[in-house]
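Structure, as structure tokens:
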Amino acid sequence: QNPNLGMAWSADRVTLGVKGMTCGSCVQSIEGRIGALPGVFHIQVSLEQSNATVTFDHTRQSPESLAEAIEDVGFECSLTNATSAPVQTETKVFSTAGCSTDSIQQARCVLAQTEGVLETQESADHRGLAVTSVPSLVSVERLVDVMSCLVPDAHEGPSSRSSSGVEAVKMRIEGMVCLSCTTTIEGKIGKLKGIEKIKVSLESQEAAVLYLPCVITVDKIVNQIEVAGFKAIVKSKPRQLKLSASEVERLLSAHKQEEKVSEPCTDSSITTVFQVTGMHCKSCVVNIQDNISKLPGVSSVVVSLENRQATIQHNPKQASVVELQKAIEALPPGDFKAILPASPEPGFLQPLVSVAEIHIEGMTCGSCVQSIEGMISQKKGVRSALVSLASHQGTFEYDPLVTTTEELRAAVEDMGFDAFLPVLSHPKMKILSNLDAEPATNTISKCFIQIGGMTCASCVANIERNLKNEHGVHSVLVALMAGKAEVRYSPSIIDPQRIAEFIRELGFTAAVMEDCDGSDGTLELVVRGMTCASCVHKIESNLMKQKGILYASVALATNKAHIRYDPEVTGPRDVIRWIENLGFTASLVKKDRPGSHLDHSREIRQWKRSFLISLFFCVPVMGMMIYMIIVDHQIDTSHHHNATAEDREKYHSTMFLEKQLLPGLSIMNLISFLFCVPVQFIGGRYFYGQAYKAVKHRTANMDVLIVLATTIAFTYSVVILLVAMVEGAKVNPITFFDTPPMLFVFISLGRWLEQIAKSKTSEALSKLMSLQATEATVVTLNDDMSVLSEEQVDVELVQRGDVVKVVPGGKFPVDGRVIEGHSMADESLITGEAMPVTKKPGSTVIAGSINQNGSLLIKATHVGTDTTLSQIVKLVEEAQTSKAPIQQFADKISGYFVPFIVGVSFLTLVAWILIGFVNFPLVEKYFPGYDKSISEAEAVIRFAFQASITVLCIACPCSLGLATPTAVMVGTGVGAQNGILIKGGEPLEMAHKIQSVVFDKTGTITYGAPKVVQVKMLAEGNRMSRSKLLAIVGTAENNSEHPLGAAITKYCKQELATESLGTCTDFQAVPGCGIRCLVSNTEHLLKRDDSDSEENQCNAVLIQISDTSSDHPLIMDPQLLSESVVQTSSFTVLIGNREWMRRNALQVRAEVDEAMTEHEKRGHTAVLVAVDNELCAMVAIADTVKPEAELAVHTLTAMGLEVVLMTGDNSKTARAIAAQVGIRKVFAEVLPSHKVAKVEQLQLEGKRVAMVGDGVNDSPALAMADVGIAIGMGTDVAIEAADVVLIRNDLLDVVGSIDLSKKTVKRIRINFVFALIYNLVGIPIAAGVFMPVGLVLQPWMGSAAMAASSVSVVLSSLLLKCYTKPSAEKLERRLGEVRRHGSLSEVSVHIGMGELRRPSPKLSLLDRFVNYS
């Protein structure tokens, strides 16, 4: 085979920079994807240098196309200084003279899989193979080696394959959904012995494998792929391994048989068991069985691959044990070793084995265990070694003829451990059996592993499938929402860290959870019928005897039992049954619903009570105050505004209210005092509590200010009254008894309303819990899967492993896996997606989702608090409790205001004392009712105190307290009128600070219900008119329960303007594929519809006539003529996806496929329609975008907010919709728990986040966000969890709510200005700053200023009533020409939780134009 040099061939090499690779699996996935592209000969990816070197055919690929392909895998690829250089190639011709076509084909197959070979083709003279290769990638020697399997026909035998002969096989692989599937297969199969290379392509769903047939067979490869959880079908099969005549001869000659005739002495046949090593797979087993059974004297051969044994029944006279041994060892490929049994006497089926148990001290970890097992099992005569770290015990199986227990003990001690033989160690004799291969069940341990990075059910399946295949793992249960896996494993074989490592290899993050309490179940029962302590003992002792019960304690006094159990073994139902069997009745303790800490009913009651008490006592006090103001005003007008103090005093003393009952105590002051006491101490007691806490934490909030003002006003008034009474003063002192009631009324009203709004959030949880089914039908199955019995049980009593029956329309009570039945399930509850999901055996189901059309049997995997729904409840709870309440504006101001006022009043006190001692006449002049009988010092101090207290009282924060609640009350009222429900002041104050708005997709940006967007006719118009097709399709889908079917029917009814459709029979729906049925009676629809359709314009006149005079014999309806054949017949209709058409033997043309793909790229669902076995139409259905969504997004962007789209849907759809409404940043395939995490992530970046959503899956994120905005058409749960509800289902209301918030906050600030102005003017007057000017604070001034400030604040708030929501037209005008459509390439998509960016597909300008024109 002389290689001759041939012509050169064109190949280029380029090195591209790749960013974003983190581990070997990234490298594998890039090499796998890019290596499978047409025109790529070789790719080498370097993780260290972050680059990829690609050798490619420049006629089929360019550096740009390669970079784009790498970006599609999800990595960033740079083309900077990436220049492609030509690579030298050469062509060699190998002679194939005298070779069979089969062997040539095989050689070409191997060459095609060899790295560096560009192409192989027959040479011009048909006498050789021309192989073009890149010398830098593949050596001539390698090519010669590969070609050495070409042997002329004459010598063809098994040796036509050289010992190093590599074979290639192509397989179709079903069930791959994502890149992690391809890496899983490549990783698993690539590790097998005898596999040279494997390439798996996700697009073509194929795998190409190069393997050594002498080591591994195709069946073994197929089996291993199936073990990994995929279905493999061989496309090109290699030739079977055949034994040539000479080899069989060689086998037979190993037994030099003198007697050619086998003697029929069956009695003397014996059974010999050989230990055979060197077997790899089933083909080795078949090889030994077939060849040895041909030998004379051998009556049966049974070979076990697992036990590595061959059991041969033979006649020792014809085939002795030694001959058999030689025969087995002589078999090709010559790797088998047959070990003679210990004693070849007849009847000894298996060799004798002893078991030694040795106590070992000094082991610290799993590696000690492994090293002991490794060393001892290599010792001669030791069959197995099993060491347990927990029990410090080693169990060794050994052959007593070869070694002894003492030798084993010494061997362990030589390794540095202490080893002791148990006393009376009689080695237990036993026959080695298959059962001992599996360690005893009591050594199974359980661990919990926290897993990150799972986005969907296929990730869960991937982890479960791969872990189960690991040696030593017994069972795996992964909870997607909780992000944890429960693994049961044999600690002697594998440890939790190793398991976590396996999970990491699959591309997820994994950490072992050290102290997970999820392992034990706890149960609290009410037990009735116990009379004495012996009953208690009876129950406890009986329960503790049961398997799986870890702890039981029964209390006679409370009739309660506390039980801890292992949920793997038993469950609450069994426990109740055991107790009932003892003659007692037991039932579950009804627990309080979760979220009781969010229950605001107590606070609501307390503030309501506070408000009503304050109101009741405030009205009379206020009435008197107003009366006094009016009287003072009358005096002023009657004296023409120059009344003296004497006039006033005279006038007051004649009034009824000012009459003195006792000297110094007027009726008015007494009544005010009596009314003020209950308000101060009953109505205001909560404020005292709050204020005390605030002071304790060294802060001053609204409560401190209120308490300070009311207490001082009250105390001061009481003290001054007592002083006046003691002195028997003629003039009634000025009291401030009206302050506390007024303040408390307004503020407790505000607090009461706020609590009512807050209480709405906690209802979310009870709503969520109500989604859970309350009962479940648990069935008992026979071995043949037939139902033996059914019982209805409380959902809390369902145990893991129970089989539950779910009828159509029923809710799934627990998370589980389908074991029988086919159906569709509506999971919009959890995933938010409107399309139902196909459920077949093996599918997982989610608690709370609804079963649609078929009855299912499911096996419970997660029950109680582990179900997905419970996890969502937990998320909502956590979000609501962890959200820090915002510090309200009023509290901020009071924080500065309180110390300031206290400071001013203290200054006033000090200043007046100083002034008084320096200049007493000044005090004397202004001190009203100064009694000459008291000393000067006392007078000064009394006057100073009075002034400073007056400062505190006039600075009363009544209007400050009103500033926020009144504006919030008006703001929420106006919002409600405009269709925006705002729950309380916090969201209203927060909304204007928002920096990021996160939108959910389904039901928020889109309608959440599918609509038909296009019907493309594929048949010619004369064969099938559009209206006729619509009539047929509408009728066919009329019976379908699928949302797509409903959308099609709705569209057809609209287009045909009719409510009634034809008749549909033999309806058959195949979940995940499509429907098939017979349609008849559609003519009446056509006659009416075609009368005015374009297609039958020519017939219109005739039909009109026939309509008016239908009984005329000569005029016939042409439509009826053409359809007369049809009237009697019916149509066979197929509607479904490509797969459905393929199953029904219909070919989908390339251009139709292309049109479908085009729709699928935009996130639409394309469905094909065939009538009477002819493709007639393609219907595109999509979840359409709300018309106002784009304007809302652009307005928010114009306001400077970051807008993000977050959805559980796939990235294609998400990207298409984002581009349509102008959103640049998208998170796709996101779980409910990830939505919360995403919101938190944005918050950690320092942003204030608003979340807009509508589904249960959005509720945790709505609760977490600074402002949660729910769509009014959404689920109750979302509405309860949100802070703002948009009743009108209009996205412009998101803009409206932010706008209203801005206006309200502005109004609150104006209110504060009003409130503070009065204080700032009043305080200096009260402090006596203006005394020299003659301006002294009169009592009515204080009250009037307070009243005026309160009234002006309320009026200012009422001005909010004039607010109008920005209309669409106004927003359109404001945006003007700024708006433009987004294009797909501007949208950046992030998948799941990871920051992995999936960049946009690069579209040409034309594509963009077509897509969004």
For this session: Answer yes or no: is there a donor N or O on one side and an acceptor on the other, between the side chain of Glu486 and the main chain of Val478, under 3.5 Å?
Result: no
Exercise. Between the side chains of Asp784 and Ser786, does any donor sit under 3.5 Å from an acceptor?
Worked result: yes
Exercise. Counting distance only, does the side-chain N/O of Asn469 pair as donor-acceptor with the main-chain N or O of Arg465 below 3.5 Å?
Worked result: yes
For this session: Starting from the C-alpha separation in whole Å, work towards a yes-or-no answer on side-chain contact (heavy atoms from CB on, under 4.5 Å) for Ile233 and Glu174.
Result: CA-CA 8 Å; Ile233 300 143; Glu174 289 172 8; 3.4 Å; yes
For this session: Please name all residues satisfying side-chain contact (heavy atoms from CB on, under 4.5 Å) with Thr861, sequence neighbours left out, ordered by chain then number.
Result: Leu477, Asp815, Arg817
Problem set entry | Side chain Gln325, main chain Ala338, donor-acceptor under 3.5 Å | yes
For this session: With sequence neighbours excluded, tell me which residues meet side-chain hydrogen bond (donor to acceptor under 3.5 Å, both in side chains) with Asp414.
Result: none
Problem set entry | Short side-chain donor-acceptor distance under 3.5 Å, Asn462 and Asn466 | yes
Exercise. Looking only at atom types and distance, does a side-chain atom of Ser320 sit under 3.5 Å from a main-chain N or O of Pro316, one as donor and one as acceptor?
Worked result: no
Problem set entry | Trace of the salt bridge (Lys or Arg N to Asp or Glu O under 4.0 Å) decision for Glu323 with Lys317 | CA-CA 11 Å; Glu323 286 168 346; Lys317 292 182 181 164; over 6 Å; no
Seminar exercise, completed: For Asp574, the side-chain contact (heavy atoms from CB on, under 4.5 Å) test, sequence neighbours excluded, returns Thr570, Arg577, Trp578, Gln799
Exercise. In terms of heavy-atom contacts, does NZ of Lys468 have more than 12 from other residues, nucleotides or ligands at under 6.0 Å?
Worked result: yes
Problem set entry | Derivation and outcome, salt bridge (Lys or Arg N to Asp or Glu O under 4.0 Å), residues Lys188 and Glu505 | CA-CA 11 Å; Lys188 286 269 172 207; Glu505 280 173 16; over 6 Å; no
For this session: I would like to know whether Thr403 and Asp399 meet side-chain contact (heavy atoms from CB on, under 4.5 Å); could you show each step before the answer?
Result: CA-CA 6 Å; Thr403 185; Asp399 184 341; 5.9 Å; no
For this session: Please list, chain by chain and in numerical order, all residues satisfying salt bridge (Lys or Arg N to Asp or Glu O under 4.0 Å) with Arg488, sequence neighbours excluded.
Result: Glu568
Seminar exercise, completed: Sequence neighbours excluded, the answer for side-chain hydrogen bond (donor to acceptor under 3.5 Å, both in side chains) partners of Glu361 is His359
Problem set entry | Donor-acceptor contact below 3.5 Å, side chain Glu186 vs main chain Val200 | yes
Problem set entry | For Lys859, salt bridge (Lys or Arg N to Asp or Glu O under 4.0 Å) partners two or more places apart | none
Problem set entry | Donor-acceptor contact present, side-chain Ser299 to main-chain Gln313, <3.5 Å | yes
Please list, one pair per line, the donor and acceptor atoms closer than 3.5 Å that link side chains of residues 373-380 to other protein atoms, with sequence neighbours excluded.
unit_1 : atom_1 : unit_2 : atom_2 : d
Glu373 : OE2    : Val387 : N      : 2.9
Ser377 : OG     : Glu373 : O      : 2.7
Ser377 : OG     : Gly374 : O      : 3.2

For this session: Please identify each residue that fulfils salt bridge (Lys or Arg N to Asp or Glu O under 4.0 Å) with Arg504, with sequence neighbours left out.
Result: Glu501
Exercise. What's the verdict on salt bridge (Lys or Arg N to Asp or Glu O under 4.0 Å) for Asp566 and Lys547, showing C-alpha distance, side-chain angles and the deciding distance?
Worked result: CA-CA 9 Å; Asp566 181 354; Lys547 206 171 172 195; over 6 Å; no
Seminar exercise, completed: Sequence neighbours excluded, the answer for side-chain hydrogen bond (donor to acceptor under 3.5 Å, both in side chains) partners of Asp802 is Arg573
Problem set entry | side-chain hydrogen bond (donor to acceptor under 3.5 Å, both in side chains) partners for Glu406, two or more places apart | Arg409
Exercise. Mind checking what makes side-chain contact (heavy atoms from CB on, under 4.5 Å) contact with Val286, not counting sequence neighbours?
Worked result: Asp290
Exercise. Are Ile858 and Val803 close enough that some pair of their side-chain heavy atoms sits under 4.5 Å apart?
Worked result: no
Seminar exercise, completed: Applying salt bridge (Lys or Arg N to Asp or Glu O under 4.0 Å) to Lys197 and not counting sequence neighbours gives Glu115
